[in-house]
Amino acid sequence: MTADVTAALDEAFRAEWGKVIATLIGMTGDWDLAEECAQDAFTQALRSWPRDGVPRRPGAWLTTVARNRALDRLRRHASEAAKLQQAVILSPPDDPAGGAVDTHITDDRLRLIFTCCHPALPLEARVALTLRTLAGLTTAEIARAFLTAEPTMAKRLVRAKQKIRNAAIPYRVPPAHLLPERTSGVLAVLYLLFNEGYAATAGSRLVRHDLCAEAIRLARVLAGLMPDEPEARALLALMLFHHSRRTSRVNAAGDVVTLENQDRSLWDHEEIGEGVSLLAAAVRREQRGPYLLQAAIAQCHATAATAEDTDWGLIADLYGVLAQMVPSPVVELNRAVAVGMADGPEAGLKLADALAASGKLTGYYLLPATRADLLRRLGRSAEAAVSYREALDLAVNDAERRYLARRLAEAEGTAPQQSRA
Amino acid sequence: MTADVTAALDEAFRAEWGKVIATLIGMTGDWDLAEECAQDAFTQALRSWPRDGVPRRPGAWLTTVARNRALDRLRRHASEAAKLQQAVILSPPDDPAGGAVDTHITDDRLRLIFTCCHPALPLEARVALTLRTLAGLTTAEIARAFLTAEPTMAKRLVRAKQKIRNAAIPYRVPPAHLLPERTSGVLAVLYLLFNEGYAATAGSRLVRHDLCAEAIRLARVLAGLMPDEPEARALLALMLFHHSRRTSRVNAAGDVVTLENQDRSLWDHEEIGEGVSLLAAAVRREQRGPYLLQAAIAQCHATAATAEDTDWGLIADLYGVLAQMVPSPVVELNRAVAVGMADGPEAGLKLADALAASGKLTGYYLLPATRADLLRRLGRSAEAAVSYREALDLAVNDAERRYLARRLAEAEGTAPQQSRA
Amino acid sequence: MTHRRAAYFNELDASGVRLLGDRLRPGSDATTVRVRDADVLLADGPFAETKEQIAGFDIIECADLDQAIEVASKHPVATFGAIEVRPFWEE
Amino acid sequence: MTHRRAAYFNELDASGVRLLGDRLRPGSDATTVRVRDADVLLADGPFAETKEQIAGFDIIECADLDQAIEVASKHPVATFGAIEVRPFWEE
C-alpha cells in the first residue's frame with residue numbers, strides 16, 4: 001500500500017467515522033449494527049482503495065458501502081421485517097456520488113452527539129460513548145486513556161447503548177425548550193474530555209491517545225454543526241488557547257512552569273490566532289455564556305506579549321462577571337489571584353482570606369497555595385511557609401508537589417532564592 | 001363500694017374484656033371504637049353495679065352496654081352511614097338477657113386472637129396487641145412489662161391497628177388450609193409471652209404485671225376455644241408444669257436453684273394435676289406436636305417424687321423425637337443433658353462435644369455450662385473450670401452468673417465442695 | 001388532594017399520557033412475602049430497608065425518555081422526592 | 001416466559017384477581033428525576049441504591065391480606081426473590 005493511500009485511509013477514518021456511524025444509527029436505530037457496518041466499510045476500503053484508487057468523495061463512498069451492508073444484514077433477517085421497513089422509510093434514496101447526502105450526514109452527527117451526551121446516561125458513559133461513536137476510538141484506546149480495564153470500559157459502552165435502546169433515549173437534536181440546557185451538557189462533556197487530557201500531560205500519567213486533540217476535533221465539529229451557538233465556538237477557542245501552551249507548561253525535569261515563567265515563543269500562535277477569530281465571531285452574537293468568559297480570560301493570557309503585559313484588571317473583571325453567572329468558589333479563587341496581580345497582593349489576600357473563612361474550598365490545595373504565593377509577595381515568609389506546607393499536604397499531582405516543595409524551601413530560607421517573578 | 005362488687009368488677013374485667021372487645025370488633029370492624037366502647041361499658045358498670053347490684057350475667061350485660069354505645073356512636077356520624085349499615089347487618093338481634101350471645105362471643109374471641117397473632121404483623125406488635133385487646137392490659141402496663149417507654153408501646157399498638165385496617169388483615173379464624181400454620185403462630189406468641197414472664201422472675205428485672213399468669217389465662221381461653229387442637233391443651237399443660245415450680249426456682253439470696261435441688265414440696269401440685277389431665281386429654285388425640293412433647297418432658301420432672309426418681313431415659317427419648325420434629329441445637333443440648341443423666345456423664349459429654357464441634361451453639365452460655373457440669377461429674381475438675389469460665393464470660397443473667405461463679409470456685413478448689421447432686 | 005396535584009393529574013389524564021396510576025399506602029402497611037423451602041415467610045414492612053420508599057406509581061405512555069422526563073419533572077413529588085422512570089419490559 | 005410463569009399468570013387473569021401487571025426493565029435502564037430549585041436533575045439508575053430492585057408489579061384485587069399473600073406466595077419470583085404486598089391508598 002502506498003503512503004498516499006494509507007494517509008487517505010487514516011484521514012478518512014478520522015474525518016468520516018463519526019459521520020458514517022451517525023448516518024447508520026439514524027437509518028437503522030441500531031447502534032451495534034451501525035458500528036459493525038462502519039467497521040465493514042473501512043475494512044472494505046482497506047482492500048479496495050489500494051487497488052482501485054481513493055474515491056473522489058471518500059466519506060460518501062464509505063457511507064454508501066456501510067449503508068448497503070446494513071440493508072443486506074437487515075434483509076437477511078426476515079424476522080426483522082418491521083425494522084427493515086422502518087429502515088427503508090428512513091433511508092434517503094441511494095446516492096453513491098454523495099450529492100445530497102452531506103446535509104443529511106450533518107444532521108445525523110448532531111443527533112448523535114446529543115444522544116451520546118444525554119443527561120440520563122452516567123457521565124463517564126457519555127464521555128466513553130462520545131469517544132467511541134464520534135471520534136472512533138476503540139474500546140481499548142478509551143480504556144487506556146481513562147486508566148480503566150478494557151472489559152470494564154466495554155461493559156460501560158454496552159450498558160450505555162442498552163440504556164439508549166431500552167429507556168428510549170431519543171436520537172435527535174433536542175427541541176428548542178431543551179436545547180440550551182442540553183447543549184451546555186454536550187459542551188461540558190467535551191470540556192471534561194479536554195481537561196482529562198490536559199491534566200494528564202502535566203501529571204505522571206502516560207496517555208497513548210491525545211484526548212486534548214480529540215476534544216478539540218469534536219468541539220470543532222460541534223461548532224461547525226451549531227453555527228448559531230456562540231458557546232460552542234467559545235469552548236473551541238478556550239481549548240485552543242490552553243492547548244497552544246502545551247509544550248511550555250512543563251520543563252525538561254517534568255516540573256510545572258507557571259504561566260508567568262513560560263517561554264512564550266514556544267506557544268502555538270496558529271492556534272492562538274484561530275482562537276482569537278473564533279472568539280471575535282462568538283462575541284458578535286451578544287450572548288455572554290460561561291465558556292465565552294473563560295475564553296476571553298484565556299485570550300488575555302494568550303495574547304499578552306510578556307507576562308508583565310497581561311491585562312490583569314480585565315481578567316479580574318471577567319472573573320467577577322463569571323462568578324455572578326456561575327457561582328463557584330474556584331472562580332472566586334481565580335478572581336483573588338487576578339485581583340492580587342491587578343491591585344497588589346494585599347487586595348488579593350483579602351479575597352483569598354474571605355474564601356478561606358467561608359470554608360467552601362476546604363481541602364482544595366490551590367487555596368493555601370494561592371495564599372502562600374500572595375504572602376510570599378508581601379514578604380511574610382513565615383506565614384507563606386505554613387501555607388505552602390498546608391498546600392503540599394493536600395496536593396496529589398507530582399509536578400505540583402515539586403513546585404510547592406521548592407517554594408516551601410525558599411520561604412523557609414533553606415534554598416537559594418529564585419528570581420522573583 | 002362493697003368488697004363484693006369490687007371483686008365482681010375485677011373478675012368481670014379479667015374474664016370479659018377480651019370477649020367484649022372481640023364482639024365489638026366483629027360488629028363494627030373498628031378496633032379503636034371497640035376499645036372506647038368497652039371502656040365506656042366498664043365505666044358504666046363501675047357506676048351502676050354498686051347501686052343496682054351485679055347483673056346475673058355480667059358478660060352479657062357489659063357486651064350489651066358496649067354494643068349499644070357503639071351503635072349510638074355510629075348513628076351520630078351520619079357520614080358513616082355505610083359503616084352503620086354494615087354494623088346493623090353484622091350485629092345479632094339485641095338480647096340483653098344474653099341467651100344466644102355467648103356462642104357468638106366465643107367465635108369472636110377466637111377471631112380476635114388469630115388476628116392479633118397474624119404473621120404479617122411484627123412479632124412484638126402481636127404480643128402487645130394480644131395483651132391489650134385480649135387480656136385488657138393498659139398500654140402503660142404492657143410498656144412496663146417489656147421495659148419499653150409508654151409512647152413507644154402506644155405507637156406500636158397504633159401502628160399494628162393501622163396495618164390491620166389498611167392492609168386488610170381479615171378478622172376471622174383462618175380457613176382449614178391455613179389453620180395448622182396460623183395456630184402454631186398463635187401458640188408461639190403465647191409461649192413467648194410466658195417465657196418473657198418466666199425469665200423475668202429469675203433475673204434482676206422487676207415486672208409489675210405477671211406475664212406468666214396472663215399467658216396461662218390466654219392459653220386456657222385458646223384451649224377452651226379450640227377443643228380439637230391438642231397442641232393448645234399441651235401448651236397450657238407445659239406452662240402449668242413450669243409455673244408450678246415458680247416459688248422454688250430461686251432461693252432467698254436470689255440464686256437459681258437447679259431442678260434437682262429444688263424443694264418439691266413448694267411445687268404447686270394443683271397446677272401439676274391440671275397439667276397432667278390436660279396432657280392426658282391431648283395425648284388421646286394421637287397427634288404429636290412439639291408442645292405435646294415438651295409438655296410430656298416437663299411432666300416427667302413435675303411428677304417425679306424426688307430428683308432421683310426422674311425418668312431420664314424417657315426424657316432422653318422424648319428429646320430425640322422432638323429433635324427430629326423441630327431440628328434445633330438447643331433441643332440437642334437438652335438431649336445431651338438427659339442422656340448424661342440416663343446413661344452417665346460420659347455418654348452425655350460425647351453428645352455435647354459433638355454439638356460444640358458443629359459450631360451451632362457458639363456463644364450460647366449453656367453449652368459450656370453443660371459441658372462443665374458433665375466434666376465435673378467425671379471428676380475432670382481442671383477442664384470443668386475452663387468450661388465454667390467460658391460459660392461465665394457468655395452468661396448475662398445475674399442469678400445464672402452467680403451459680404456459674406460458685407461452680408467455678410468449686411472446680412478450682414477455692415471454695416468448700418458442696419454436696420454433690 | 002391539593003389543587004396543584006389535581007391540576008397535574010387532570011392534565012396528564014386529558015393528554016392521554018397517563019394510562020393508570022395511584023398512590024400506595026406507606027411501607028409500614030406493606031407485607032413482604034417470601035417462599036423458602038415451601039414455607040411462606042412473611043415480614044412486616046417493605047422488602048428494601050431504605051429510608052426512601054415508593055409512594056405511588058403512574059403508568060404513562062410516552063414517545064421517548066425526554067417526554068417521560070418532562071412528565072416526571074412536573075409531578076408534584078419531584079420537587080422534594082424523586083421520580084424513578086422505568087421502562088416496561090418488551091419481549 | 002417459562003411454562004410455570006405462564007400457568008401462574010393465566011390462572012390469575014382467569015380468576016379475575018389480576019387487573020394488570022407487567023415486568024419492568026432492570027434498574028440499569030431507569031432514570032431518576034428530581035427537581036431542585038427549578039432545575040431538572042437526572043440520575044442514571046433507580047432512586048434507591050439497594051441490591052434488590054423492583055422487577056415488576058401486578059395490580060390485584062383481593063378480599064383481604066390473606067388472599068393477597070396466597071397470590072404472592074404462588075408468584076414464580078417468591079421462591080428466590082420477595083413479593084412486597086402494598087395496599088392502595090383509599091381516601
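Each chain gets a letter, A, B and so on, in the order its sequence line appears, and its residues count up from 1.
Smallest separation of non-hydrogen atoms from B/A167 and D/P87: CA-CG, 4.0 Å.
Partner of B/I169 under the side chain to side chain contact (heavy atoms under 4.5 Å, CB included) criterion, out of D/L65, D/D66, D/I69: D/L65 alone.
In this structure, chain B has no heavy atom under 4.5 Å from any part of D/Q67.
Residue with the most contacts toward chain D among B/P170, B/A120, B/A168: B/P170 (heavy-atom pairs, distance under 4.5 Å).
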